[in-house]
Amino acid sequence: MRRRRRVRWSRWVPALVFYVLLGGVFGLWGGKLEVGASFLLASLPLVVAAWRAGRWGAALGMGGSLGLIFPALLRQPPGVGAAAALLLLGVALVALGAEHLWRRRVRSSRVARKVDVCYGEEVFENSLNIVHVIDREGNVIRRNRASRELLGWNHKKTLHLTEYVHPQDIGKFKAELELLFERGEVRGVELRFVSEGKRSIPVELQAKRVTGKVAVVEARDRLEVAAWERKLAAEQARYRFLIEEGIDTMDLGVLLVDQQGQVLWTNRAVEEFFGVARDDLIGRSATRALQMFAHVFERPQEFWTTVRAAYQRGAGVDGLILRVLPGPGREERVLQYRSIPIRTDDGSPGGRIDYYADVTELKKLEAELRARNQELTEVNAKLEEFTTVVSHDLRSPLVTALGFISTILSNYNGQLPGQVRDDLEKMRGRLEYMDRLVDDLSHYSSIKPRARAADFERVDLRRVVRDRLEDLGPMLNGVNLRVAEDLPVVWGIPTMIGEVFSNLVRNAIKFNDKALPEVEIGWKEGESGTYLLFVRDNGPGIEAAWQEKIFGLFEKLDRNKEGTGAGLAICKRIVEEHGGRIWVESKVGSGSTFYFTLPKVPVKKGVEQHAQ
């Protein structure tokens with residue numbers, strides 16, 4: 001307040017000083033001055049007073065100037081005095097007008113500088129939004145290129161709010177304008193502008209006060225924003241429809257629970273499973289909704305206790321098997337229930353998703369597999385019993401017949417006719433071959449299907465192969481044998497795996513037609529957690545038509561060679577009982593390679609995996 005008073009009084013100081021000086025001049029030489037000179041001198045302090053102090057300065061200056069020239073006017077006719085007074089009044093008015101124009105110019109330049117500070121000339125003019133410099137009365141003092149392009153009126157230097165604000169929004173704009181000059185800033189005001197062509201433009205305003213009388217208003221065109229918002233809403237609706245329709249077509253009951261524990265949405269499968277309309281579930285608390293269909297389960301109390309505890313702890317439920325009892329609007333079925341809690345980024349609860357998967361057919365299949373597995377177990381037991389009985393019953397007469405023939409040939413060899421002796425020798429050979437068949441059949445049947453993967457152990461193939469090659473002994477004489485030094489460790493039964501190598505090496509030597517038989521034992525990395533082993537020879541090779549048949553029981557490629565033809569069948573059964581497979585790759589005249597796979601870790605066969 002004191003500063004304001006000081007500023008006001010400082011405006012009067014130059015005029016007062018001027019009047020005091022001129023008062024002295026007129027006091028000394030006033031009688032000698034002409035009227036014209038006196039008028040000119042008296043006009044100078046009047047101009048200063050009007051310029052510095054405004055209307056009050058002009059009024060008081062008129063009196064002071066008339067007082068200075070009054071002695072000179074007394075010597076003149078009365079009309080000259082009236083003319084002098086009018087002339088002084090004109091000087092005062094001219095000075096006031098000049099002072100007003102100057103102050104307006106200064107104020108405009110000051111506002112422009114403040115606007116430049118707030119926006120910058122380049123930002124102001126090139127902004128994509130409408131920018132107006134506006135006074136308290138709603139007059140647009142300055143506007144940018146976007147305003148001229150969107151609103152028009154390019155020929156007008158100024159605009160009033162009534163010209164470009166929608167008639168229904170003028171009251172709102174005026175209220176916000178008063179609030180702007182009161183608070184200094186407004187934001188997020190939505191209303192409508194009207195262009196010169198009468199086009200309505202929805203805008204969002206934000207404004208900042210620059211001085212007590214001027215503010216800058218920025219208006220963002222919401223036409224494009226509104227179009228994008230409508231497009232986004234349409235896309236969201238479309239994708240939500242597609243998602244909901246997609247989930248509705250699934251044979252999977254889905255129940256969505258929001259953060260407040262209310263059922264947000266559920267699909268048609270829930271209606272089908274439980275015979276409850278989903279409109280009756282949506283909007284209810286999740287616990288109340290679950291109670292509405294818990295009674296359809298075979299053990300409702302177990303379901304309700306488990307689910308309620310999980311909901312209270314914010315925990316999940318995984319793999320709970322539920323049996324739905326038949327009733328009105330529902331069928332008997334088996335469901336697998338899962339409840340998955342959702343967590344937000346900060347770890348707080350964000351709702352949950354409940355799934356009810358229909359596993360009725362899967363459970364039927366599992367039951368069938370268990371029944372088949374039981375049947376296979378019983379059949380294998382009966383086959384084993386049958387094989388044991390047959391082997392015993394066949395071997396007993398064979399041993400007796402061989403004993404009689406051997407006794408006859410030993411005791412009466414010289415007394416028998418040649419034809420009889422030859423027939424007896426052939427008979428003994430056939431009986432010995434039949435005895436080997438019974439042995440091989442008994443051995444093949446003794447390879448029992450493994451009951452558990454726990455029956456397996458780690459098998460060092462280097463040791464197993466070395467031991468079996470030692471057993472072959474003299475059979476390896478004259479054979480170029482190469483064995484990989486880094487044979488791996490596998491899982492299996494050592495004696496059975498050793499028998500596979502023994503049979504394959506024996507066959508590679510026995511059926512080789514080269515002067516120097518070559519046999520190679522090696523390995524490679526296999527697929528799906530297996531090792532690929534192989535036994536390769538340089539023998540005669542195997543025709544394509546026989547490459548599958550030779551793995552059948554008692555199938556012999558060369559009938560003239562000794563043996564029963566059970567060796568490869570035994571190899572195949574052993575490999576398959578270890579979860580692997582065996583095959584041959586061969587070309588006639590170029591030798592054969594027998595491949596088989598063994599597991600790196602214990603595995604189960606299909607029936608055991610699904611039915612045990």
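Note that this is a predicted model, so its numbers are computed, not measured.
Between Phe273 and Tyr356, the distance from one ring center to the other does not fall under 6.0 angstrom.
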Decide yes or no on side chain to side chain contact (heavy atoms under 4.5 Å, CB included) for Asp221 and Ile130, but give the supporting numbers first.
-> CA-CA 8 Å; Asp221 182 4; Ile130 297 172; 6.0 Å; no
Where do Glu361 and Lys364 land on the salt bridge (charged side-chain N to carboxylate O under 4.0 Å, His left out) test, with the steps shown first?
-> CA-CA 5 Å; Glu361 295 301 321; Lys364 288 181 180 178; 3.8 Å; yes
Residues Ser127, Asn129; criterion side chain to side chain donor-acceptor pair (under 3.5 Å); working and verdict = CA-CA 5 Å; Ser127 174; Asn129 297 330; 4.6 Å; no
Show your working on side chain to side chain contact (heavy atoms under 4.5 Å, CB included) between Lys172 and Val189 and close with a plain yes or no.
-> CA-CA 9 Å; Lys172 181 179 181 181; Val189 180; 4.1 Å; yes
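By the 4.5 Å heavy-atom criterion applied to side chains, Val133 and Val210 are not counted as neighbours. Contact annotation: the side chain of Val203 approaches that of Leu191 to within less than 4.5 Å [non-hydrogen atoms, C-beta and beyond]. Leu325 places none of its side-chain heavy atoms less than 4.5 Å from the side chain of Val296. Residues Leu335 and Tyr355 are not in side-chain contact: their nearest non-hydrogen atoms beyond the backbone lie 4.5 Å or more apart. Put simply, the side chain of Ile170 reaches to within 4.5 Å of the side chain of Leu161, judged on heavy atoms. Put simply, the side chain of Leu151 reaches to within 4.5 Å of the side chain of Ile201, judged on heavy atoms.
Environment of NZ in Lys156: crowded, with over 12 heavy atoms of neighbouring residues, nucleotides or ligands closer than 6.0 Å. Within a 6.0 Å radius of CD in Glu178, other residues, nucleotides and ligands contribute 12 heavy atoms or fewer. Applying the 6.0 Å contact sphere to CD of Glu525 captures more than 12 heavy atoms from other residues, nucleotides or ligands. Other residues, nucleotides and ligands place no more than 12 heavy atoms under 6.0 Å from the CG atom of Leu128.
Between Val317 and Ala310, the shortest heavy-atom contact is CG2-CB, 3.4 Å. When all heavy atoms of Ala215 and Leu180 are compared, the pair lying nearest together is CB-CD2, 3.4 Å. Heavy atoms only, all atoms of each residue included: Ala294 and Pro300 are closest at O-CB, 3.1 Å. Scanning both residues, Asn139 and Asp135, for their nearest heavy atoms gives N-OD1, 2.8 Å. For Val217 against Leu205, the heavy-atom pair with the smallest separation is CG1-CD2, 4.1 Å. Taking each heavy atom of Lys363 and Ile321 in turn, the nearest pair found is CE-CD1, 4.0 Å.
Using a distance-only test at 3.5 Å, with no hydrogens or angles considered, no donor-acceptor pair links the side chain of Thr158 to the main chain of Ile141. In this structure, Arg308 contributes its side chain and Thr287 its backbone to no donor-acceptor pair below 3.5 Å. With Ser147 contributing its side chain and Val131 its backbone, the two residues share no donor-acceptor pair below 3.5 Å. Within the 3.5 Å criterion, the main-chain N or O of Gln206 finds no donor-acceptor partner in the side chain of Glu218. With Arg278 contributing its side chain and Glu271 its backbone, the two residues share no donor-acceptor pair below 3.5 Å. When atom types are taken as modelled, the side chain of His166 and the backbone of Pro202 share no donor-acceptor pair closer than 3.5 angstrom.
If you run ring pair (Phe, Tyr, Trp, His ring centres under 6.0 Å) between Phe274 and each of Tyr337, Phe293, Phe303, only Phe293 comes through.
For the pair Lys600 and Tyr531, the cation sits on the ring face: its NZ or CZ lies under 6.0 Å from the ring centre, inside 45° of the axis.
The aromatic rings of Tyr164 and His132 sit perpendicular, their planes meeting at an angle over 60°, well past the 30° parallel limit.
Checking Arg352 against Ser339 by side-chain atom types alone, a donor-acceptor pair falls below 3.5 Å.
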